[in-house]
Colleague: 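Okay, handing you the structure first.
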2 protein chains.
Amino acid sequence: MSTIKDVAAEAGVSIATVSYVLNGTKKVSREVEERVLAAAQKLNYRANSTARNLRRNETRIIGYEIPYPNKGDDASLMQLFVYGISLEAANYGYHIITFTVPERRNPIEHYEHMIHSDRVDGFILTDTNWKDERIHFLLDHKIPFVSFGRTRTERDYHYVDVDGAYGIQQVVEYLIRKGHRQIAFIAWPENSLSGDGRLQGYIETLEKSGLDYDPKFIRRVHNTANAGYEAARELLTQEPLPTAIVCVSDIIAIGAIRYAQQHGLAVGKDIAISGFDDLALAQFVTPALTTISQPIEEIEREVVRLLIRQLNGNPDPNHQILIKPKLIIREST
Amino acid sequence: MSTIKDVAAEAGVSIATVSYVLNGTKKVSREVEERVLAAAQKLNYRANSTARNLRRNETRIIGYEIPYPNKGDDASLMQLFVYGISLEAANYGYHIITFTVPERRNPIEHYEHMIHSDRVDGFILTDTNWKDERIHFLLDHKIPFVSFGRTRTERDYHYVDVDGAYGIQQVVEYLIRKGHRQIAFIAWPENSLSGDGRLQGYIETLEKSGLDYDPKFIRRVHNTANAGYEAARELLTQEPLPTAIVCVSDIIAIGAIRYAQQHGLAVGKDIAISGFDDLALAQFVTPALTTISQPIEEIEREVVRLLIRQLNGNPDPNHQILIKPKLIIREST
DNA sequence: ATATTTAGGTTAATCGTTTAAGTTATTTTG
DNA sequence: CAAAATAACTTAAACGATTAACCTAAATAT
């Protein structure tokens with residue numbers, strides 16, 4: 001593998017000149033420039049990025065913690081996300097390095113290690129929760145990052161998030177237009193900010209529409225189909241009976257649908273059930289799932305763009321971005 | 001951020017001594033060792049990995065191309081895979097860097113670039129196909145790699161694969177025991193080696209059991225629920241009618257189930273349908289899916305282990321590993 | 001008592017770049 | 001026309017580690 005020295009020798013110039021030509025960082029005569037370019041081409045030279053990084057004190061690598069894939073969780077959205085940010089980062093000459101935090105271990109240690117051993121220039125965060133210590137740690141240490149999803153803090157940081165309340169509002173208003181008055185909601189546990197945003201959308205839309213908001217119509221469960229199944233059982237074996245169940249995720253909706261079907265209800269007729277995410281499978285379950293689709297590619301683009309601007313020392317002043325999701329009506333409502 | 005110089009100054013020794021102590025690569029007196037350790041601790045020192053990599057001529061980074069997520073493909077297995085190899089690699093002090101190859105672009109270029117700019121020490125490959133040019137390229141250039149999935153070549157390389165033929169054999173034998181005689185198979189297109197292995201398992205098991213093998217019972221489609229739906233339509237609108245459909249993947253099975261249900265067939269009674277993969281969702285579709293489960297964690301462990309041994313210059317002579325999957329019987333058969 | 005080995009360090013070269021600070025020849029300026 | 005400015009390179013010092021080669025004093029061998 002050829003180094004800058006080889007290219008310099010081949011072109012008959014000093015290594016500095018080669019560097020200047022290849023980086024375009026200093027004026028060089030046309031003739032010499034061509035000689036260097038030809039030599040580099042001939043030797044199939046590519047700069048050793050380790051050496052460059054050492055000298056420039058950067059890595060052009062972005063750290064991304066892959067969230068722990070809970071049993072029963074669907075992970076396909078996150079898979080798309082890793083693909084998308086890798087692709088997007090490559091447009092800027094950056095790469096994504098993935099790491100994991102073993103269950104119940106302190107994440108901070110791992111972030112600290114990545115930074116401290118100079119492995120990454122910044123981070124992309126997902127799966128943020130109510131009080132996300134990672135965000136405070138990174139802010140405290142002035143380490144560039146962008147989060148997909150918010151946390152509950154007054155501090156100013158860069159994030160991109162989906163306007164979940166808006167999405168739920170769309171589906172609830174649609175259900176009301178179709179004549180539903182008893183609308184239940186299956187939510188996530190309490191430390192999920194995005195989950196609470198969606199719940200908030202449900203409550204506010206009901207109130208705005210002049211409908212009672214009944215706490216008995218709200219269930220909080222983990223994000224598994226099994227939990228959706230159980231929640232549906234509770235909702236459908238109490239009074240008053242809901243005529244529609246809005247779910248905080250497709251996975252939960254699929255579990256809820258399963259319970260309803262097993263107990264003789266025709267989903268989409270006897271009862272309406274909706275999800276959130278628009279998984280690849282959503283259109284192929286029976287009945288096809290009415291859901292809310294997140295514009296994942298736009299999210300990826302924005303997240304990477306915000307981070308790269310920080311890394312270039314040119315942060316976007318408009319760095320709290322809320323993206324509107326889209327209601328997709330299928331057969332289940 | 002403190003460097004080895006700071007530690008040396010703090011401990012009152014040369015930087016060489018610090019390096020020797022921290023790496024345990026030369027004998028040092030107890031007293032000095034303790035001073036160095038204390039200084040390192042006090043300054044919260046961690047070696048700059050860029051500098052170390054430059055000197056050692058390694059990166060301790062493994063490249064992984066995230067396959068292009070085809071629309072409608074389920075990607076949750078791959079998500080688990082990235083998580084798993086990241087976790088496993090960390091046990092050896094390695095990290096995973098992800099990259100993508102834009103659709104219809106030549107993958108070799110991208111692999112070459114990663115190697116040539118010294119970003120990675122080796123690769124993990126997935127989604128290998130019949131004639132995988134990546135494998136030949138990496139072999140030709142003596143670049144360490146391990147592939148999850150085989151390709152069709154006589155050349156000797158390191159891989160881990162699931163014994164798909166064995167898995168299909170399990171389900172076909174089970175169906176025969178339950179009395180089925182007209183068993184159809186929905187396969188993948190022809191350039192998929194793992195797909196052909198599964199198909200082979202179907203054909204051989206039928207022949208071994210003395211059943212006719214009818215080419216009309218075989219359909220080849222892409223890995224989407226939609227394609228499964230269409231294939232089921234073809235199979236169920238021709239003579240002779242199958243009483244069971246074995247699918248090469250859960251995704252396809254879900255599409256097939258949907259067609260059967262829409263046309264008045266009770267899946268699990270009127271017709272048996274099975275999948276392959278055991279997606280998180282498999283147990284929550286209606287009816288719950290009979291399928292074949294891949295021991296994904298064992299695969300991840302083996303893939304990483306084989307690669308690390310290569311990188312350490314100590315390749316495992318037994319480096320073609322076939323892992324047996326497991327039949328999981330649910331309601332759909 | 002002298003020569004040799006060993007223990008426990010230090011010095012300095014090296015990895016492959018980038019880039020500030022020279023250097024030299026040529027051009028411009030007053 | 002001498003002085004100053006410019007153009008086009010080169011030299012050499014970093015970046016932060018690792019490690020071969022060297023050094024010195026104490027321990028061991030002859």
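So you know, we letter chains A, B, ... as the sequences are listed, proteins then strands, and number each from 1.
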Colleague: Of all nucleotides in DNA chain D that come within under 4.0 Å of a heavy atom of chain A, which is furthest toward the 5' end and which toward the 3' end?
Modeller: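 The contact span of chain A on DNA chain D goes from D:dC9 to D:dG16.
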Colleague: Could you pull out all donor-acceptor pairs under 3.5 Å where a side-chain atom in residues 85-93 of chain B meets a protein atom, sequence neighbours excluded?
Modeller:
unit_1 : atom_1 : unit_2 : atom_2 : d
B:S86  : OG     : A:T98  : OG1    : 2.7
B:S86  : OG     : B:V82  : O      : 2.8

Colleague: Note the angle between the end axes of the helix from C:dA1-D:dT30 to C:dG30-D:dC1, five pairs defining each, rounded to 10 degrees.
Modeller: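 Axis angle across the helix from C:dA1-D:dT30 to C:dG30-D:dC1, nearest 10°: 50°.
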Colleague: Could you go through nucleotides 16-19 of chain C and list every protein N or O atom that sits under 3.5 Å from one of its N or O atoms, giving the distance for each pair?
Modeller:
unit_1 : atom_1 : unit_2 : atom_2 : d
C:dG16 : N2     : A:A51  : O      : 3.4
C:dT17 : OP1    : A:Y45  : OH     : 3.1
C:dT17 : OP1    : A:N48  : N      : 3.1
C:dT17 : OP2    : A:I4   : N      : 2.7
C:dT17 : O5'    : A:Y45  : OH     : 3.1
C:dT18 : OP1    : A:N23  : ND2    : 3.3
C:dT18 : OP1    : A:R52  : NE     : 2.8
C:dT18 : OP1    : A:R52  : NH2    : 2.9
C:dT18 : OP2    : A:S19  : OG     : 2.7
C:dT18 : OP2    : A:N23  : ND2    : 3.2
C:dT18 : O2     : A:R55  : NH1    : 2.2

Colleague: Indicate every side-chain donor-acceptor pair of residues 141-154 of chain B with a distance under 3.5 Å to a residue at least two apart or in another chain.
Modeller:
unit_1 : atom_1 : unit_2 : atom_2 : d
B:H141 : ND1    : B:F137 : O      : 2.9
B:S147 : OG     : B:G149 : O      : 2.3
B:R150 : NE     : B:D161 : OD2    : 2.8
B:R150 : NH2    : B:D161 : OD2    : 3.4
B:T151 : OG1    : B:N129 : O      : 2.7
B:T151 : OG1    : B:W130 : O      : 2.9
B:T151 : OG1    : B:D132 : N      : 3.0
B:T153 : OG1    : B:R155 : N      : 3.0

Colleague: Output all residues satisfying side chain to side chain contact (heavy atoms under 4.5 Å, CB included) with B:L43, sequence neighbours left out; order by chain, then residue number.
Modeller: B:S2, B:D6, B:V7, B:E10
Colleague: With sequence neighbours excluded, tell me which residues meet side chain to side chain contact (heavy atoms under 4.5 Å, CB included) with A:L22.
Modeller: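 With neighbours one apart ignored, the set is A:V18, A:V36, A:L37, A:Y45.
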Colleague: Could you list the residues that satisfy side chain to side chain contact (heavy atoms under 4.5 Å, CB included) with B:K324, not counting sequence neighbours?
Modeller: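 Scan of B:K324 (side chain to side chain contact (heavy atoms under 4.5 Å, CB included), adjacent residues dropped) gives B:D163, B:Y166.
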Colleague: According to the salt bridge (Lys or Arg N to Asp or Glu O under 4.0 Å) rule, which pairs have a member within residues 16-28 of chain A, sequence neighbours left out?
Modeller: none
Colleague: With A:K5, which residues qualify under side chain to side chain contact (heavy atoms under 4.5 Å, CB included), at least two apart?
Modeller: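 For A:K5, the residues satisfying side chain to side chain contact (heavy atoms under 4.5 Å, CB included) (neighbours in sequence not counted) are A:T3, A:I15.
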Colleague: Please report, rounded to the nearest Å, how far the P atom of C:dT10 is from the NZ atom of B:K27.
Modeller: 16 Å
Colleague: What I want to check is whether an N or O donor and acceptor connect the side chain of B:K26 with the base of C:dG8 at under 3.5 Å.
Modeller: no
Colleague: Please name the residue in the list B:F81, B:Y83, B:F123, B:Y94 that meets the ring pair (Phe, Tyr, Trp, His ring centres under 6.0 Å) test with B:Y64.
Modeller: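 Exactly one option meets the ring pair (Phe, Tyr, Trp, His ring centres under 6.0 Å) with B:Y64, and it is B:F81.
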Colleague: Restricting to ring pair (Phe, Tyr, Trp, His ring centres under 6.0 Å), what partner residues turn up for B:Y159, sequence neighbours left out?
Modeller: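 Testing B:Y159 for ring pair (Phe, Tyr, Trp, His ring centres under 6.0 Å), a comparison that skips the adjacent residues, returns B:Y157.
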Colleague: Just checking B:S29: base, sugar-phosphate only, or nothing, at a heavy-atom cut-off of under 4.0 Å?
Modeller: sugar-phosphate
Colleague: Which atom pairs, one a donor and one an acceptor, fall under 3.5 Å between side chains of residues 50-58 of chain A and the rest of the protein, sequence neighbours left out?
Modeller:
unit_1 : atom_1 : unit_2 : atom_2 : d
A:N53  : ND2    : A:S49  : O      : 2.9
A:E58  : OE2    : A:R60  : NE     : 3.0

